[in-house]
Visitor: 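My questions all concern the structure below.
Remember, it's 1-based here, ligands and their atoms both numbered in the order they're listed. The shown structure was predicted, so the numbers you read here are calculated from the model rather than taken from an experiment.
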Amino acid sequence: MGFMWVTSLFLLFATVYGSDLQRQDAKLELEEYIKEASQKINQQYRLQYHVAAPVGWINDPNGFSYYKGEYHLFYQYYPYDSVWGPMHWGHVVSKDLVTWEHRPTALLPDEEYCFSGSAVVDGDKMILMYTAHIEKEGSPTNQSQYLAFSDDGVNFEKFVGNPVIPASPNHSPDFRDPKAWKHEDYWYVIIGSKTDDEIGTVLLYRSKNMIDWEFLTILAQATSDLGYMWECPDFFELGGKHILLMSPQGIEPQGDRFKNLYQTGYIVGQFDYETFKFTPETEFQELDYGHDFYAAQTTESNDGKRILIGWFGMWETAFPEAKDGWAGAMTIARELELDSNNRILMKPLTQQNSLRGEKTFDGDLKENQVLELQSASEVLIDIDLSKEIHLLLEGRSGGGKAWLKWDPAVGKVVVEREGDDVRQVEWAPVSNKAWRLFLDTSSLELFCGDGEAVFSSRVYPLGGWNLTNLGSQALQTTAYALNRGVPV
Ligand SMILES: *[C@@H]1O[C@H](CO)[C@@H](O)[C@H](O)[C@H]1NC(C)=O
Ligand SMILES: *[C@@H]1O[C@H](CO)[C@@H](O)[C@H](O)[C@H]1NC(C)=O
């Protein structure tokens, strides 16, 4: 009896220990593979200051957090091909949110694909909470919430007691993207889901220990035209209000609005921790009007600012870099601010200026004048809004093109990409009337004024950029070459 007991204890130990070793081996093998495969990437479209995978596919930002003196950003990652596949969590860190370094892949799939989630810091530990997506033949897909722990922000161990939230109250197969935070004595988490009749919801839970969770309420639910599924929710205070940020699927385009396949946007409201009631004060509003922006996530910076990073991509679009061995990227980090009209302004961080290298132009960009710019450049343009603006961006050696426009009679900023539908939105600057344009090897991000209108779009020029003033006013323009913010 005693012998049997000891034997089975030994076997149990050997099994657990053995599978730990296997996991360790799998991680080392993966890092070896990444190192080798990343050297074979064709660099033609490779971004110089935007986070991208060393090799392979990435989508949603995950686990954006500050831990032991560094910002951590994880991302949905499939290293073995430049298309979506069984999800891992890739990992980068930064001291300043502008320059980033790669860390070993944080989570590898076992039985489960490691879908999106968040990170919290509990004393000395970092805790990842993510959605385990399990596909088994003959049964419906299963999404439940898992934890993984780390003492160093590099090595992560999945919790042996997973799942910590096995199912949503209605057992929906779509139950994902936990975003956790602490408020006073409790941990809270919101999770994206849907009702039985396909209406997007955000569910709110709380816990004393991150392990035992109590369902509290449906924090928010879509009206009929706001989508069948709400993904990637986030919930935070900004300017004395509560912001519910999420990425709905299934909203139909309405004029200039909601033109991408899926949206990312927000509702401003008030939240009461006594009743768990979120009282919206606004409709759902889009956050970014470009072609490629989704699944954004925020964290609080160590100086109390609300910082956001989005996936610089969109589902079911072509990624021309895929043939080069990689696909997808993150936007630059943006600081959020709530203005007096309950509208979120998005601005580049102050420290973004630290990437500036040589000033390559400073003066009037005259009619039909061409400004030759390096692949990674920043351009500041002062604008007389009573006149038309028409700028062409194209590759110095061909490739993709885009146009940036303003027509005072219409009052909209327009970003047009060759062979694509325009993206446009009304712009009524409060004070600052400048445009700030961030160009990278295959991307543009346009910030108008104080961040009232922002566009993020991937464009694929070859050999750096030519910026041509096709409008009828000379534009006071300053341009900088930008230094690298990510490793080659
Ligand atoms: C998913 O699997 C867990 C066991 O890991 C189970 O408890 C849960 O009920 C399943 N969820 C659904 C929606 O069936
Ligand atoms: C870019 O501008 C330079 C200088 O005007 C010009 O020589 C070159 O042909 C331009 N490239 C393209 C693709 O138009």
Side-chain angles (χ1 to χ4, degrees), residues 44-45 87 107 109-117 129-148 158-178 189 191-203 205 207 211-215 218 228-231 320 360-361 363-377 379 390-404 417-419 437 439 441-442 444 459-471 474-475 477 479 481:
Q44 62 177 342
Y45 296 133
M87 282 290 115
L107 296 176
D110 286 304
E111 177 197 30
E112 87 292 9
Y113 295 177
C114 305
F115 274 20
S116 285
M129 188 170 193
Y130 67 97
T131 296
H133 172 96
I134 298 175
E135 290 178 12
K136 275 201 193 113
E137 227 171 281
S139 36
T141 57
N142 180 307
Q143 298 191 333
S144 66
Q145 316 315 316
Y146 277 28
L147 300 181
K158 292 177 186 172
F159 178 47
V160 291
N162 284 331
V164 291
I165 310 181
S168 70
N170 68 346
H171 279 76
S172 171
D174 292 288
F175 178 48
R176 57 180 176 269
D177 314 333
V189 70
I191 303 175
S193 195
K194 58 162 70 149
T195 63
D196 291 341
D197 41 4
E198 307 276 313
I199 294 171
T201 58
V202 172
L203 309 176
Y205 292 76
S207 169
I211 290 168
D212 306 297
W213 290 93
E214 169 196 0
F215 172 69
I218 296 177
Y228 56 77
M229 172 65 197
W230 282 2
E231 294 196 306
T360 50
F361 188 82
D364 274 346
L365 187 67
K366 302 194 185 68
E367 233 177 296
N368 290 315
Q369 189 176 343
V370 181
L371 194 57
E372 289 181 84
L373 297 166
Q374 293 188 14
S375 296
S377 290
V379 186
H390 191 176
L391 291 166
L392 163 66
L393 281 161
E394 64 186 328
R396 277 157 72 179
S397 320
K401 289 183 192 180
W403 293 264
L404 311 180
R417 189 165 69 174
E418 193 179 31
L437 176 64
L439 300 172
T441 319
S442 56
L444 72 81
V459 185
Y460 296 82
L462 290 168
W465 299 86
N466 270 358
L467 173 67
T468 309
N469 183 1
L470 298 177
L475 298 166
T477 303

Visitor: Just need the protein heavy atom nearest to atom 13 (C) of ligand 1, so name the residue and atom and give the distance.
Guide: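 Its nearest protein heavy-atom neighbour is H171 O, 3.6 Å.
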
Visitor: Salt bridge or not for E112 and K158, using N-O below 4.0 Å?
Guide: yes

Visitor: When you measure from atom 12 (C) of ligand 2 to every protein heavy atom, which one gives the shortest distance, and what is it?
Guide: N466 ND2, 3.6 Å

Visitor: Got the closest protein heavy atom to atom 8 (C) of ligand 1, with its distance?
Guide: P166 O, 3.5 Å

Visitor: If you measure every N or O of S172 against every N or O of ligand 1, does any of those distances drop under 3.5 Å?
Guide: no

Visitor: Would you please say whether a donor-acceptor pair under 3.5 Å links the side chains of T195 and D197?
Guide: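 Per modelled atom types, T195 and D197 side chains form a pair under 3.5 Å.
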
Visitor: Examine distances only and state if a side-chain atom of N162 and a backbone atom of L147 form a donor-acceptor pair shorter than 3.5 Å.
Guide: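 Present.
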
Visitor: Using a 3.5 Å distance criterion without hydrogens, assess whether the side chain of R417 forms a donor-acceptor pair with backbone atoms of V459.
Guide: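 Checking the backbone N and O of V459 against the side chain of R417, no donor-acceptor pair under 3.5 Å is found.
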
Visitor: I want to know if ligand 2 touches E372 in the polar sense, i.e. an N/O pair below 3.5 angstrom.
Guide: no

Visitor: Output side-chain donor-acceptor pairs under 3.5 Å for residues 139-146, partner residues at least two apart or in another chain, one line each.
Guide:
{"residue": "S139", "atom": "OG", "partner": "K136", "partner atom": "O", "Å": "3.3"}
{"residue": "Q143", "atom": "OE1", "partner": "F175", "partner atom": "N", "Å": "2.9"}
{"residue": "Q143", "atom": "OE1", "partner": "R176", "partner atom": "NH1", "Å": "3.2"}
{"residue": "Q143", "atom": "NE2", "partner": "H133", "partner atom": "ND1", "Å": "2.9"}
{"residue": "Q145", "atom": "OE1", "partner": "T131", "partner atom": "OG1", "Å": "2.8"}
{"residue": "Q145", "atom": "NE2", "partner": "F175", "partner atom": "O", "Å": "3.0"}

Visitor: Return a yes/no value: protein heavy atom under 4.0 Å from atom 2 (O) of ligand 2?
Guide: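 True for atom 2 (O) of ligand 2.
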
Visitor: Is it true that P163 lies under 4.0 Å from ligand 1, counting heavy atoms only?
Guide: yes

Visitor: Measure from the side-chain N and O atoms of S116 to the backbone N and O of D177, and report whether any donor-acceptor pair falls under 3.5 Å.
Guide: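 Not a single qualifying donor-acceptor pair exists.
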
Visitor: Heavy-atom distances under 4.0 Å decide this one: backbone, side chain, both or neither, for S144 against ligand 1?
Guide: neither

Visitor: Relative to the heavy atoms of N142, which atoms of ligand 1 are at a distance of less than 4.0 Å?
Guide: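 Those qualifying, in numeric order: 1 (C), 2 (O), 3 (C), 8 (C), 10 (C), 11 (N), 12 (C), 14 (O).
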
Visitor: For P461 versus S442, what's the shortest heavy-atom pair and its separation?
Guide: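 Minimum heavy-atom contact is CD-CA, 4.3 Å.
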
